[in-house]
Amino acid sequence: MNKPLAILFLNLICMVSCNNGQERIKYIHGPSTTPDTLVFDSVETNIPVFLPVKMAISGNHKLVIGIDKDEFAFAVFNLPLDGSGKKMGYIGRGPDEFLKLDYAGMTPAQEGICIADMDGYYKTVRVTEEGMTIDNEESTFMEGEFPNGCLKTRDGFLNVNLYGINEHNEQFFLIDKEGKRKYIAPYPSWVTEDGDEGGIPPFFRGFSFRIVRPDGKQFAAVYGHQRKLIFYNLEGNILNETSVEFPDKSVHKKSSNGMYYNTYSVYPCASNDRIVALCSNSYPEDDIKFKELHVFDWSGELLSVLYVPRWVTMFTVDFGEKKLYAMNLKTEDKIYCADISNYL
């Protein structure tokens, strides 16, 4: 199959419309044919990358990898990828240094990356051959708090609400440009219907990766224990909800020993047209060898499914060149790359 549309899906079997919140729930079957398998090349790197956390590709063709527990905050490789890289970004309190970075919210910028720091600033970082410089700092109004997945929107900053069983039961909160917080998007019924489950907060039962469309106009939650995506506007109202049902496995909640089913278990990435997510389709005790790469549009349609024949724990997509780059935690000297131009 050479085009995304060549992957056949069964017809949409259900659509529910609801005026309050403009909710549209899509239950999608598929694929009905065997998906293609992603073909990887591996590139050896000149520097080891221990404990990589997240990957991003800048507009000036740099592959930036956030790394944890190192004197440097990042490893940077030039594209096209030849394996030559350099560690950059000192941890410290000096000029152009970083305190404690929120890698979960790292996003590409035209000449580098954007990322929040624990000093209360959202930083635009220029990445060049010589190193990193902080071009701009914008207050997140979160000094002293760790910003867990702070993402910039058109109107301010989106954060996950880690304390959803206390004063607020919403999934997220927005911080506007004056620093005012607004809690948005109550947890879906399939998160709350089981009660408190012995005190387990809804954040863990309804864990999601958030991703803001690059134009900043809306965002999506990609859920880690359900094969579901929910698309929100900046007021937290649901625009679309997609539930992907596969013929061989329904969307499970927990296994017989109480473990939650893992679905979208790594950071997704997005352009203004596409969302790309890696789906595990497994329980933690499963010996899983194949994950699946799912490609959606921003209306919630599943466009492509690909088998991923390597164990990878993070990835990013160069939407301009239509290439995917991936790593895993156990192989510190290899980056995997694949052409996905026929599937975006």
Side-chain angles (χ1 to χ4, degrees), residues 1-9 12 15 22-28 30-31 35-36 38 54-64 79 105-114 149 151-155 158 208-223 227-244 263-264 266-279 291-306 308 314-326 337-344:
M1 292 176 288
N2 294 323
K3 297 293 181 183
L5 293 180
I7 295 179
L8 301 177
F9 299 100
L12 186 67
M15 181 178 291
Q22 298 297 309
E23 185 176 34
R24 290 172 54 211
I25 303 176
K26 300 179 180 181
Y27 297 91
I28 298 176
D36 286 352
L38 204 58
K54 193 177 181 183
M55 309 171 78
I57 294 174
S58 67
N60 59 347
H61 308 295
K62 308 288 185 187
L63 174 60
V64 183
L79 298 178
M106 182 173 75
T107 57
Q110 185 57 41
E111 296 185 81
I113 57 163
C114 292
L151 296 166
K152 189 173 183 178
T153 72
R154 182 184 60 190
D155 300 332
L158 173 71
S208 69
F209 294 98
R210 288 77 50 205
I211 188 159
V212 174
R213 205 165 95 171
D215 62 14
K217 295 179 179 179
Q218 67 179 94
F219 69 95
V222 182
Y223 289 88
R227 219 180 280 112
K228 292 178 180 288
L229 291 80
I230 300 182
F231 299 83
Y232 296 93
N233 63 19
L234 297 184
E235 295 298 315
N237 297 320
I238 294 176
L239 301 172
N240 297 289
E241 178 177 336
T242 293
S243 179
V244 182
T263 53
Y264 300 109
V266 302
Y267 297 109
C269 54
S271 67
N272 282 326
D273 301 315
R274 298 288 186 263
I275 295 174
V276 183
L278 193 64
C279 189
K291 295 185 179 184
E292 293 168 352
L293 195 73
H294 293 178
V295 180
F296 299 88
D297 64 20
W298 277 90
S299 70
E301 295 293 341
L302 179 59
L303 303 178
S304 301
V305 175
L306 287 160
V308 180
M314 68 201 65
F315 77 98
T316 191
V317 173
D318 184 336
F319 287 98
E321 297 297 324
K322 301 185 186 305
K323 289 187 177 181
L324 178 143
Y325 297 91
C337 55
D339 182 350
I340 57 172
S341 56
N342 291 330
Y343 307 99
L344 285 178

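Values in this document were obtained by computation on a predicted structure and should not be read as measured data.
- The backbone N or O of M106 lies less than 3.5 Å from a partner atom in the side chain of K54, making a donor-acceptor pair.
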L63 and M55: CA distance, side-chain angles, deciding distance, side chain to side chain contact (heavy atoms under 4.5 Å, CB included) verdict = CA-CA 7 Å; L63 174 60; M55 309 171 78; 4.0 Å; yes
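- At a threshold of 4.5 Å between non-hydrogen side-chain atoms, the residues V305 and V244 do not count as touching.
- Interatomic distance, D318 CG to I57 CD1, rounded to the nearest 0.5 Å: 4.5 Å.
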Considering only distance and modelled atom types, tabulate donor-acceptor pairs under 3.5 Å from the side chains of residues 269-277, sequence neighbours left out.
unit_1	atom_1	unit_2	atom_2	d
S271	OG	D273	N	3.1
S271	OG	R274	N	3.0
N272	OD1	D215	N	2.9

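- Under the side-chain contact (heavy atoms from CB on, under 4.5 Å) criterion, D155 pairs with T153, L234, not counting sequence neighbours.
- Contact record, F209 with Y267: CD2-CD2, 3.4 Å, taken as the closest heavy-atom pair.
- For the pair S304 (side chain) and Y343 (backbone), a donor-acceptor distance under 3.5 Å is present.
- Considering CZ of F315 and CG of L38, their distance stands at 10.5 Å, rounded to 0.5 Å.
- Of all the heavy atoms in R210 and G149, the pair that sits closest is NH2-CA, 4.0 Å.
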Would L324 and L293 satisfy side chain to side chain contact (heavy atoms under 4.5 Å, CB included), going step by step from the backbone distance to the final call?
-> CA-CA 10 Å; L324 178 143; L293 195 73; 3.7 Å; yes
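- The SG atom of C279 lies 13.0 Å from the CG atom of L306; values are rounded to the nearest 0.5 Å.
- More than 12 heavy atoms of other residues, nucleotides or ligands sit less than 6.0 Å from atom NZ of K62.
- Distance check: T242 OG1 to L302 CG gives 8.5 Å after rounding to the nearest 0.5 Å.
- The OG1 atom of T263 sits 9.0 Å away from the CG atom of L229 when rounded to the nearest 0.5 Å.
- In this pair, F219 and Y232 present their aromatic rings parallel. The plane angle is below 30°, not in the 30 to 60° band.
- Taking all atoms of both residues into account, the shortest heavy-atom contact from N60 to E111 is ND2-O, 3.4 Å.
- Nearest approach of V212 to W298, heavy atoms of both residues: C-CH2, 4.1 Å.
- Distance check, rounded to the nearest 0.5 Å: CD of Q218 to CZ of R213 gives 4.5 Å.
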